[in-house]
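Read through the structure below, which is laid out as structure tokens, and then see the notes.
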2 protein chains.
Amino acid sequence: MTTDLQLKQEGLIKDARKLVESYPRVPITVDCVIFGFDENELKVLLIRSDLELFKDKWSLLGDFADDNEILDDSAYRVLRERTGMDDVYLEQVKTFSKPNRHPGGRVLTVAYCSLLNIEHHQLKKMDNELHWHSVKTIKDMAFDHHEILNECYAWLQKRIQEHPLGFNLLPEKFSLRELQNLYEAILDRKMDRRNFRKKFFAMDFLIDTGLYEDDVPHRPGKLYQFDFKKYGDTKKKWSGIDF
Amino acid sequence: MTTDLQLKQEGLIKDARKLVESYPRVPITVDCVIFGFDENELKVLLIRSDLELFKDKWSLLGDFADDNEILDDSAYRVLRERTGMDDVYLEQVKTFSKPNRHPGGRVLTVAYCSLLNIEHHQLKKMDNELHWHSVKTIKDMAFDHHEILNECYAWLQKRIQEHPLGFNLLPEKFSLRELQNLYEAILDRKMDRRNFRKKFFAMDFLIDTGLYEDDVPHRPGKLYQFDFKKYGDTKKKWSGIDF
DNA sequence: ATTTCAAAGTGTTATTTGTACACAATGCTG
DNA sequence: CAGCATTGTGTACAAATAACACTTTGAAAT
């Protein structure tokens, strides 16, 4: 049964469609800034540009958005396809729209920031086009990807002081030294060991596993886990890392 | 003179263009969440939806992006066209991409947050389609605009504690009471008057104009200006409003 | 003129948080 | 079993925050 109202609705939707179709369209990509932590350095996962024009340059992991795909899903898809990992921390950071940022014409890209544990990620798909680069020294990036990286890095520095993101970059069990090394690498400054410990213990989100490091040539440190559940449940304030 | 190298370059660019052209395209809009402050309330400037389908709903100020326009410029254009104002605070907040967020088909929108002084803005263009609404009570918004508003409001709450944005919402000269009312309205909580003053004076960015309020039925307060120059020059830390 | 009112303006104290700093305990190595 | 490197811990001082009350001022009402 088709009522007048339904007919009218359909007409209005057709109008809306006509309006939308009268405007220019732009190809959309997502680019993922995938951070990892290894050898006490913050790393970013890059791929050799697949554009012949940029054949000596490194590129963020990205792809064109599929039709009717919400962009968060596009970004998860890129991660899955490239790293084989599924439950990775991911967050939208910023959209880049300079008309000439892509040599093939206007392409708008939405940058996502992602954090993963390098070791856990088995690199099944780690062909020789993919490499981890030190964030501090990487040069020669394709497109405007260096600008995107810088924005995401700045975003991360700010974000990690407000939320417990860092644990996504560490193994499930970690020592306090590893945790501090991570913070020092990301924030690019030294912190006092005693105050660092005090701060984290005061937050009360670290679970003592009862285990110890076993591959160090000195007194081994305790291993902890981050209590994601408690953090999620209590919504207790993450008191911020300021040092 | 055309060298081989130039020819090759042109070939590569053509390839790149072909690649880009093989992907789907999406219409892009910008939507501006324009905040104002009036009657001790945070307001947002909305327009009656121009879509017949949403004729009883309110819409953010937005427009489709022009060809080859960087989106920041699109947003400034929207502001200029709608409010007649040119030097308005504006910042990109987030991109929204749900495939069904627009009834006329997929439209991606980039949300911008903007702060302006309601009184200063002469509303030359203030036809009766435009209205200031209380952020706390507004309902019946078109598209996913309520979601966008909420994200921008949350963004503002966070941002105003880290940067001196609030002054964009006030007249050039303002009393401390007005400033505090602004913070209380945005952060939605009461603050201690003495500590508030102490904090702002300690930052040392308030210029005493020597003038006083003159339209109040009680002891008039001093009027201050925010020292944008000093703030910009010194990059001195904005110590944050926590109360 | 005097009183009343409402908000401006001001300081102190207690508490919490941040910072600086040093020494004993442990487990591995040779 | 001595030496080494790193873990683990506590205290004192400084700075920031939070709580709190009284005096001053100018306009309005009487």
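Here is how names work: the chains are called A, B, and so on, in the same order as the sequence lines, proteins then strands, and each is numbered from 1.
- Comparing dT7(D), dA20(C), dA18(D) by their closest approach to the side chain of Arg193(A) singles out dT7(D).
- Salt bridge present: Glu91(B) and Arg159(B) bring a charged side-chain N and a carboxylate O closer than 4.0 Å.
- Residue-to-nucleotide proximity on DNA chain D shows that, of Tyr224(A) and Lys198(A), the 5′-proximal contact is made by Tyr224(A).
- dA25(C) atom C1' lies 14 Å from atom NE2 of His218(A), rounded to whole Å.
- The base of dA8(C) lies outside donor-acceptor range of the side chain of Arg194(B), with no N or O pair under 3.5 Å.
- Atoms CZ (Phe196(A)) and C1' (dC21(C)) sit 18 Å apart, rounded to a whole Å.
- Using a 4.0 Å cut-off between a side-chain N of Lys or Arg and a carboxylate O of Asp or Glu, Asp63(B) and Arg77(B) qualify as a salt bridge.
- Nucleic acid contact for Arg177(B): sugar-phosphate only, since backbone atoms but no base atoms lie under 4.0 Å from a heavy atom of the residue.
- At a cut-off of 3.5 angstrom, counting only N and O atoms as typed in the model, there is no donor on one side facing an acceptor on the other between the side-chain of Arg197(B) and the base of dG9(C).
- Each of Pro220(B) and Tyr212(A) was matched to the nucleotide of DNA chain C holding its nearest heavy atom; the match closer to the 5' end belongs to Pro220(B).
- The residues Glu147(A) and Arg101(A) are annotated as not salt-bridged, no charged nitrogen and carboxylate oxygen being separated by less than 4.0 angstrom.
- Nearest nucleotide to the side chain of Pro217(B), out of dT29(C), dT11(D), dA28(D): dA28(D).
- Checking the phosphate oxygens (OP1, OP2) of dT17(D), a side-chain nitrogen or oxygen of Lys199(B) falls inside 4.0 Å.
- Using a 4.0 Å heavy-atom distance criterion, Lys222(B) is classed as a sugar-phosphate-only contact.
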Between Ser49(B) and Ser59(B), does the side-chain hydrogen bond (donor to acceptor under 3.5 Å, both in side chains) criterion hold? Intermediate values first, please.
CA-CA 5 Å; Ser49(B) 178; Ser59(B) 174; 5.0 Å; no

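- Checked by distance alone, Arg219(B) brings a side-chain donor or acceptor within 3.5 Å of a matching partner on the base of dA8(C).
- When the P atom of dA5(D) is taken as reference, atom CD of Glu213(A) falls 17 Å away, rounded to whole Å.
- Rounded to whole Å, the distance from CE on Met191(A) to C1' on dT17(C) is 17 Å.
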